[in-house]
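Only this structure's heavy atoms are used, side chains among them; waters, hydrogens and symmetry mates stay out. Quick note on labels: first sequence line is chain A, next is B, and so on, each numbered from 1. Everything quoted here is computed from the prediction, not taken from an experiment.
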Protein chains: 2
Amino acid sequence: MGLSLSDGPSKMQQLMRYFDHNATTGLDPQVLEAMLPFLQTHWANPSSAYQFARPVKRALAEARAQVAGLLQAQPEEILFTGCGTESINTALNLAAQLGPDRRHLVLSEVEHDANRRYAQYLERQGWEVTWLGVDAQGLLRAEQVREVLRPDTAMVSIMWANNETGVLFPMQAIAEVCQQQGVLLHTDAVQAAGKVEIDLRLVPADLLSLSAHKMHAPKGVGALFVRQGTPFDSYLLGGGQEGGRRAGTQNIPGIVAMGCAAQLAQSRLLQTGCIRELRDHLELGLRKQIEGMLINGHPTQRLPNTSNMAFEGIEGEALLLQLDRVGVAASSGSACSTGSLEPSHVLRAMGLSARQALSSIRLSLGHVTTREDIDYLLEHLPSLVARLRGQTPFKPESKSIASHGPLT
Amino acid sequence: MGLSLSDGPSKMQQLMRYFDHNATTGLDPQVLEAMLPFLQTHWANPSSAYQFARPVKRALAEARAQVAGLLQAQPEEILFTGCGTESINTALNLAAQLGPDRRHLVLSEVEHDANRRYAQYLERQGWEVTWLGVDAQGLLRAEQVREVLRPDTAMVSIMWANNETGVLFPMQAIAEVCQQQGVLLHTDAVQAAGKVEIDLRLVPADLLSLSAHKMHAPKGVGALFVRQGTPFDSYLLGGGQEGGRRAGTQNIPGIVAMGCAAQLAQSRLLQTGCIRELRDHLELGLRKQIEGMLINGHPTQRLPNTSNMAFEGIEGEALLLQLDRVGVAASSGSACSTGSLEPSHVLRAMGLSARQALSSIRLSLGHVTTREDIDYLLEHLPSLVARLRGQTPFKPESKSIASHGPLT
């Protein structure tokens with residue numbers, strides 16, 4: 001075959017400026033190297049008893065420890081699943097199994113669809129859901145959670161960081177409220193993991209969902225943290241895998257990859273300052289060149305890599321199309337709802353009008369994003385906005401201010 | 001990195017005689033070659049709108065057509081899932097959504113745990129399940145299905161081929177019975193796919209489950225056939241992937257691999273005669289050398305690759321341990337329940353005593369199994385059985401009969 005992993009990035013990757021790391025991320029070469037032996041050589045079923053399965057079992061245990069390490073959790077508190085959505089659905093299904101005395105759920109209005117749709121499904125089955133609003137900056141206060149807890153509350157399910165705006169919720173305070181009231185807390189940390197520190201010794205959440213492909217591991221694998229002592233019901237039913245807690249032959253190459261990626265993410269947490277600097281430089285540069293531009297979301301209580309911005313008088317989708325033409329990959333929010341003509345439920349919950357929400361795009365950076373990528377965007381985005389507004393494109397001097405201005 | 005896919009099989013693989021293809025299969029080098037670009041280069045989220053996602057979307061469509069091709073189905077009738085278990089659970093969940101007038105299910109007693117456990121879960125929720133028995137050869141008649149159908153039957157869920165014995169059920173006749181009575185039929189074809197022909201133009205099943213890793217594609221991906229016009233409810237809820245029928249970012253490398261593997265499996269269907277010849281040669285050779293040995297399952301209504309045999313007076317687990325010591329990987333049944341000390345529910349349903357069931361092992365071949373592998377087993381297995389029975393090992397002449405005897 002003669003295929004070699006050292007061939008390097010393709011032409012497409014060289015030409016593309018990728019600003020959609022919240023949608024998915026490229027596979028880290030180290031992650032590919034870690035998983036490849038489990039595609040080529042160690043492909044035994046991990047449930048098998050023979051010697052051939054031993055390296056597979058060992059790798060599964062190591063990956064579990066690596067994912068636990070990213071969260072400061074114990075390996076036996078990690079279940080592997082098929083995706084972040086399955087992890088989130090599994091958590092909510094658990095709430096649904098708590099019995100007739102616990103039929104109330106608490107979610108924020110800005111949760112990912114994997115959370116929202118499951119809760120809406122339970123609503124149709126007779127559960128009651130309290131949807132907590134957010135303020136104009138996308139923030140939610142722990143006090144809001146406390147105020148709505150009831151004796152029949154089965155679970156609070158609130159994301160650690162928002163996928164569209166990057167806004168961070170006060171997870172420690174929320175978890176403490178839930179702990180005090182004896183209510184289960186699930187948090188969707190799909191976007192937070194690897195971007196901000198997650199220490200489950202400090203944050204007493206009961207359940208936490210992760211997705212591998214948001215942190216430079218492949219698609220098709222997720223994890224669910226289940227704190228020791230938490231009541232648990234499987235969502236996928238069948239074989240006794242994952243200690244009887246998730247049926248289905250484990251995706252070993254994917255799990256090994258996720259373990260490796262979790263370890264890399266942990267080691268790269270210190271670098272997130274650089275990502276934040278680039279992101280802030282981008283936002284400042286754009287603000288200088290573009291009037292009628294708003295950053296959606298709190299200026300600091302936000303993931304270091306995410307920038308969601310509204311451009312007065314234009315359609316976000318049209319801008320994305322123009323960006324795509326100059327090789328910039330970005331999105332208007334969740335990739336899961338691409339193609340929907342509905343304004344983002346996240347931005348609407350923050351009080352943006354439908355028009356404002358539809359004028360927004362999301363730029364999300366990664367550790368592979370370079371200063372050159374940012375400069376490229378600073379060079380092209382303002383003129384594309386101007387063109388879409390029917391204005392004369394910006395003059396070179398405004399570009400030079402942005403691309404050589406100080407980082408803040 | 002300098003890793004190359006042309007390095008060939010590892011030392012472990014060269015030394016190992018793998019007789020557990022019903023548990024999992026090795027990744028086909030062609031499948032790895034097909035999926036690798038989707039790990040390295042084309043890693044965009046398939047839901048994204050930009051150019052970078054186009055090759056990913058195209059590959060997803062192609063894989064869907066390839067999997068449909070294996071079943072003689074239409075591409076839009078194929079959903080990709082995270083594993084066979086998820087496919088099966090999704091089918092049964094559908095039955096559970098049909099409303100209060102349809103709360104009766106029909107399963108065979110020998111279904112895989114992914115089917116059994118979900119049905120048992122529904123039983124606990126108030127559904128009624130009729131469990132159909134099998135005869136001493138593991139067979140089930142379509143007439144048995146007809147006899148138990150009721151106006152409130154929501155679904156019949158019966159496997160195409162049994163994972164432990166390889167026994168084939170008369171799926172066309174069963175499907176026709178269900179069609180006549182207007183009852184949904186799901187069939188678990190995880191073990192049948194690629195081993196026998198599946199033509200859904202002739203077999204009017206409504207739903208059919210597949211797993212990629214049983215046909216030389218990686219773990220972590222499955223598929224569910226949903227015939228056009230079948231009522232459908234998602235099991236994983238969230239984003240609008242898979243036409244709104246299965247939420248969660250698609251495992252593109254896995255899906256591409258499954259598509260490629262489906263095409264290869266289709267092209268290899270003609271070779272299954274060779275696998276059957278090897279398997280029959282093995283059974284005949286062992287029968288000649290070992291007294292008190294029974295083949296569990298019908299002699300011909302059986303997958304060409306599967307041999308389940310009981311050895312009077314020994315424990316299957318002890319034999320497997322001895323086989324492992326001489327480099328033979330085999331199992332006592334479903335890998336999903338390895339470690340369980342319970343006798344197989346499949347063999348018990350066929351009327352074997354607990355002791356007989358516990359004296360059984362399963363040998364499952366693949367297209368990579370060689371005559372040399374069979375001869376190796378014919379050389380070692382009889383003496384291991386004899387030793388475990390406390391008998392003198394067999395003499396060389398009996399070995400030579402087996403390893404040079406005619407194929408039958």
Side-chain angles (χ1 to χ4, degrees), chain A residues 1-6 10 12-13 16 20 23-24 26-27 29 32-33 36 39-41 43-45 47-52 82-83 85-86 89 112-114 117-118 121 213 218-221 236-241 247-254 320 324 329 331 334-338, chain B residues 1-6 10 12-13 16 20 23-24 26-27 29 32-33 36 39-41 43-45 47-52 82-83 85-86 89 112-114 117-118 121 213 218-221 236-241 247-254 320 324 329 331 334-338:
Chain A
M1 285 190 291
L3 266 172
S4 167
L5 295 188
S6 48
S10 73
M12 174 57 109
Q13 280 176 298
M16 187 191 43
D20 205 13
T24 196
L27 196 63
L32 179 57
E33 199 171 5
L36 209 50
L39 287 167
Q40 292 184 286
T41 307
W43 47 260
N45 190 317
S47 300
S48 297
Y50 36 71
Q51 291 178 63
F52 177 47
C83 55
T85 294
E86 188 197 321
N89 282 194
H112 186 275
D113 274 354
R117 301 269 184 230
Y118 204 97
Y121 161 75
H213 78 97
K219 297 158 187 64
V221 57
L236 294 197
L237 302 175
Q241 293 91 349
T249 301
Q250 289 101 333
N251 173 359
I252 296 297
L320 291 171
D324 190 23
S331 69
S334 172
C336 305
S337 48
T338 297
Chain B
M1 282 192 294
L3 268 170
S4 167
L5 296 188
S6 49
S10 73
M12 175 56 110
Q13 280 174 297
M16 187 192 42
D20 205 13
T24 194
L27 195 63
L32 179 57
E33 198 172 8
L36 209 51
L39 287 168
Q40 293 184 285
T41 307
W43 47 260
N45 189 317
S47 301
S48 296
Y50 34 73
Q51 291 177 64
F52 177 48
C83 55
T85 294
E86 188 198 321
N89 282 195
H112 186 275
D113 274 353
R117 301 269 184 231
Y118 205 97
Y121 161 76
H213 77 97
K219 295 158 187 64
V221 56
L236 294 197
L237 302 174
Q241 292 91 349
T249 300
Q250 290 101 334
N251 172 358
I252 296 297
L320 291 171
D324 190 24
S331 69
S334 171
C336 303
S337 49
T338 298

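Between chain B and the options A/G254, A/P253, A/A44, the largest number of non-hydrogen pairs under 4.5 Å is found for A/A44. Of the listed residues (B/I252, B/N251, B/L236, B/L237), the one with the most heavy-atom contacts under 4.5 Å to chain A is B/L237. Contact count versus chain A (heavy atoms, under 4.5 Å) is highest, among B/C83, B/G82, B/A114, for B/A114.
Between A/W43 and B/K219 the shortest heavy-atom distance is O-NZ, 2.7 Å. Between B/Q51 and A/D324, the shortest heavy-atom contact is N-OD2, 2.9 Å. Between B/G248 and A/T85 the shortest heavy-atom distance is CA-OG1, 3.5 Å. Annotation for A/P218 and B/L39: closest pair CB-CD2, 3.9 Å, computed over non-hydrogen atoms.
With rounding to the nearest 0.5 angstrom, the CZ atom of A/F52 is 10.0 Å from the CG atom of B/D20.
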